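Every value quoted in this text rests on a predicted model; they were computed, and no experiment measured them.
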Amino acid sequence: MVYQATQLPSPNLKDSSIPLLHDGADDEFPLASTRIRLNDGRYLAYREWGVPKDKAKHKIIIVHGFGSSKDMNFLAPQELVDELGVYFLHYDRAGYGESDPNPKRSLKSEALDIEELADQLQIGSKFYVIGVSMGSYATWSCLNYIPNRLAGLAMIAPVINYQWPSIPKNLIRGDYRRRLVRLSLWLAKYCPRLLHWCVSRKWLPSNSVIEKNPAFFNKRDIDILKTIPGFPMLTKDKLKEKVVFDTLKGDWMVAFGKWEFDPMKLTNPFPQNRSSVHIWQGYEDKVVPSKIQRFVSRKMPWINYHEVSDGGHLIVHYSGICEAILKALLLGEENPSYRPRPENLL
């Protein structure tokens with residue numbers, strides 16, 4: 001079985017076994033979202049909200065995380081959105097929701113998808129980007145590949161790659177998350193069929209059990225998961241679908257594989273302080289360690305670091321957080337409630 005697992009061929013857009021989602025737009029399975037066609041032929045689905053694009057003062061692209069989609073909520077008060085004149089653009093990253101998969105997904109392709117989406121929808125030469133959880137690797141990529149297009153950038157509980165060269169080994173030694181990531185990367189690379197078989201077995205915990213597991217989420221996160229859909233792409237029924245599994249596997253491998261640049265070597269794209277870059281982190285986050293996030297922010301002093309003292313990984317869904325994110329990103333206003341305590345920075 002292990003031998004057969006290593007023989008899984010690489011997906012190809014020309015392979016008839018990889019469905020292109022736009023090909024399924026028929027009477028039986030109509031597509032609900034508007035889409036653009038990228039230069040490579042893939043379709044990218046998106047949704048817009050906020051003030052009309054032609055009247056907006058600020059245009060923001062939201063990048064969703066692992067197992068999510070463009071339908072994720074960004075809980076900004078409508079009054080604030082109207083007051084600031086904010087236009088929001090959510091999109092399904094490659095292979096998610098109603099967007100076509102990208103077998104050639106890479107750090108660079110994620111940034112270029114964002115740039116092409118912005119250009120085709122004519123939102124202007126400068127725009128803001130907000131990345132959530134694992135979707136933040138696309139925002140790091142924007143800082144590296146398209147910094148000239150950014151008006152500002154925020155990352156919410158952003159992914160940490162244990163292979164970044166600038167992270168000292170003593171900081172991550174013994175971290176169980178690092179071991180889990182290394183194991184999953186090895187299985188995804190060498191035994192994808194075995195991994196697919198494992199994650200779709202009935203004897204594994206259900207998605208609802210994982211969502212309530214205190215190993216992944218703190219108390220506030222678990223309370224939040226009672227009120228939101230959770231991670232519908234991570235259910236066993238969904239994971240049985242090859243196109244879903246391949247999307248999640250490819251996304252994971254890019255996020256946690258070897259990067260072609262070290263984020264902590266990036267320079268401030270806004271040297272004149274005309275705008276800013278922000279990281280928002282929960283101190284009790286059990287998915288992304290806050291101690292590593294604080295280390296990253298200290299090494300990059302041009303990044304504004306905000307910490308939710310009782311926050312877990314799902315802080316984007318907490319009341320008041322999205323409002324604070326917008327005010328910090330667009331107005332430069334800092335909410336004292338989210339200043340990290342001095343003892344937390346040691």
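Note: H64 and H90 fail the aromatic proximity criterion, with ring centroids not under 6.0 Å apart.
At a threshold of 4.5 Å between non-hydrogen side-chain atoms, the residues I172 and I160 do not count as touching. Side chains of I114 and Y91 form a contact here, defined as non-hydrogen atoms less than 4.5 Å apart. The shortest side-chain heavy-atom distance between L185 and M253 falls under the 4.5 Å cut-off. Using a 4.5 Å cut-off on side-chain heavy atoms (C-beta onward), S184 and F256 make no contact. Counting heavy atoms from C-beta outward, T247 and E241 have side chains that stay 4.5 Å or more apart. At least one side-chain heavy atom of L112 sits less than 4.5 Å from a side-chain heavy atom of K108. Y283 has its side chain out of reach of P340: every pair of non-hydrogen atoms, C-beta onward, lies at least 4.5 Å apart. The closest side-chain heavy-atom distance from Q78 to D82 is below 4.5 Å.
Between Y87 and the options V81, D54, I61, I123, a side-chain contact (heavy atoms from CB on, under 4.5 Å) holds for only I123. Among the candidates R339, H278, E334, Q281, the single residue satisfying the side-chain hydrogen bond (donor to acceptor under 3.5 Å, both in side chains) test with H306 is H278.
The backbone N or O of R105 lies less than 3.5 Å from no partner atom in the side chain of S109, so there is not a single donor-acceptor pair. Looking only at distances, a side-chain donor or acceptor of N161 sits under 3.5 Å from a matching main-chain atom of A255. Under a 3.5 Å cut-off, the side chain of S136 and the backbone N or O of V159 do form a donor-acceptor pair. A donor-acceptor contact shorter than 3.5 Å links the side chain of S99 to the backbone of D92. When atom types are taken as modelled, the side chain of D262 and the backbone of S166 share a donor-acceptor pair closer than 3.5 angstrom. At least one donor-acceptor pair under 3.5 Å links the side chain of Q293 to the backbone N or O of P158. Side-chain atoms of D100 come within 3.5 Å of backbone N or O of Y43 as a donor-acceptor pair. The backbone N or O of Y162 sits nowhere less than 3.5 Å from a side-chain atom of R178 that would complete a donor-acceptor pair. Distance alone, capped at 3.5 Å, is enough to place a donor-acceptor pair between the K53 side chain and the L121 backbone. A donor-acceptor pair is defined here as one N or O able to donate and one able to accept, closer than 3.5 Å; no such pair exists between the side chain of S68 and the backbone of G65.
Crowding of K299 atom NZ: a count of heavy atoms from other residues, nucleotides or ligands under 6.0 Å not exceeding 12. Shown here is E260, whose CD atom has more than 12 heavy atoms of other residues, nucleotides or ligands within 6.0 Å.
Note: H313 NE2 to F217 CZ = 7.0 Å, rounded to the nearest 0.5 Å. T227 OG1 to L225 CG: the interatomic distance, rounded to the nearest 0.5 Å, is 7.5 Å. With values rounded to the nearest 0.5 angstrom, L107 atom CG is found 5.0 Å from F261 atom CZ. Note that OG of S125 and CG of L150 are 11.0 Å apart. Values are rounded to the nearest 0.5 Å. The line from CD1 of I60 to CG of L84 is 8.5 Å long, rounded to the nearest 0.5 Å. To the nearest 0.5 angstrom, C191 atom SG is 9.0 Å from L195 atom CG.
With salt bridges taken as basic N to acidic carboxylate O contacts below 4.0 Å, one links R294 and E307. Between K219 and E284 no salt bridge is recorded (no basic side-chain N to carboxylate O distance below 4.0 Å). Ion pairing between R35 and E98 fails under the 4.0 Å rule for side-chain N and carboxylate O. Between K226 and D223 there is a salt bridge, with a side-chain nitrogen of the basic residue lying less than 4.0 Å from a carboxylate oxygen of the acidic one. Of the charged side-chain nitrogens involved, at least one lies within less than 4.0 Å of a carboxylate oxygen, so that R42 and D113 count as a salt-bridged pair.
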As a quick check of understanding, evaluate side-chain contact (heavy atoms from CB on, under 4.5 Å) for K327 and L80, giving each step before the final call. CA-CA 9 Å; K327 287 183 176 180; L80 180 65; 4.1 Å; yes
side-chain contact (heavy atoms from CB on, under 4.5 Å) for M264 and M300? Distances and angles first, verdict last. CA-CA 7 Å; M264 282 180 276; M300 307 174 76; 3.8 Å; yes
Walk me through whether Y128 and L329 qualify under side-chain contact (heavy atoms from CB on, under 4.5 Å). CA-CA 9 Å; Y128 295 86; L329 181 63; 3.7 Å; yes
Run the side-chain contact (heavy atoms from CB on, under 4.5 Å) check on H196 and D246 step by step: do they pass? CA-CA 9 Å; H196 190 193; D246 285 346; over 6 Å; no
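Relative orientation of the W259 and W164 rings is perpendicular, given thresholds of 30° and 60° on the angle between their planes. Ring-plane geometry between F88 and F74 is classed as tilted, the angle between the planes lying from 30 to 60 degrees on a 0 to 90 degree scale.
The minimum heavy-atom distance between R177 and V287, with the atom names listed, is CD-O, 3.4 Å. For the pair C322 and V316, the tightest heavy-atom approach, listed with the atom from each and the gap, is SG-O, 3.3 Å. N304 and S276 make their closest contact through ND2-CB, 3.6 Å (heavy atoms, listed as atom of the first residue, atom of the second, distance). Heavy-atom minimum distance, W140 versus P263: CE3-CB, 3.7 Å. In terms of heavy atoms, D221 sits closest to N218 at N-OD1, 2.9 Å. Closest heavy-atom contact between Y305 and S290: OH-O, 4.0 Å.
No continuous path of ILVMFWY side-chain contacts below 4.5 Å connects V51 to L75, so the two sit in separate hydrophobic clusters. F270 and L331 fall within a single hydrophobic cluster, where Ile, Leu, Val, Met, Phe, Trp and Tyr side chains are chained together by heavy-atom contacts under 4.5 Å.
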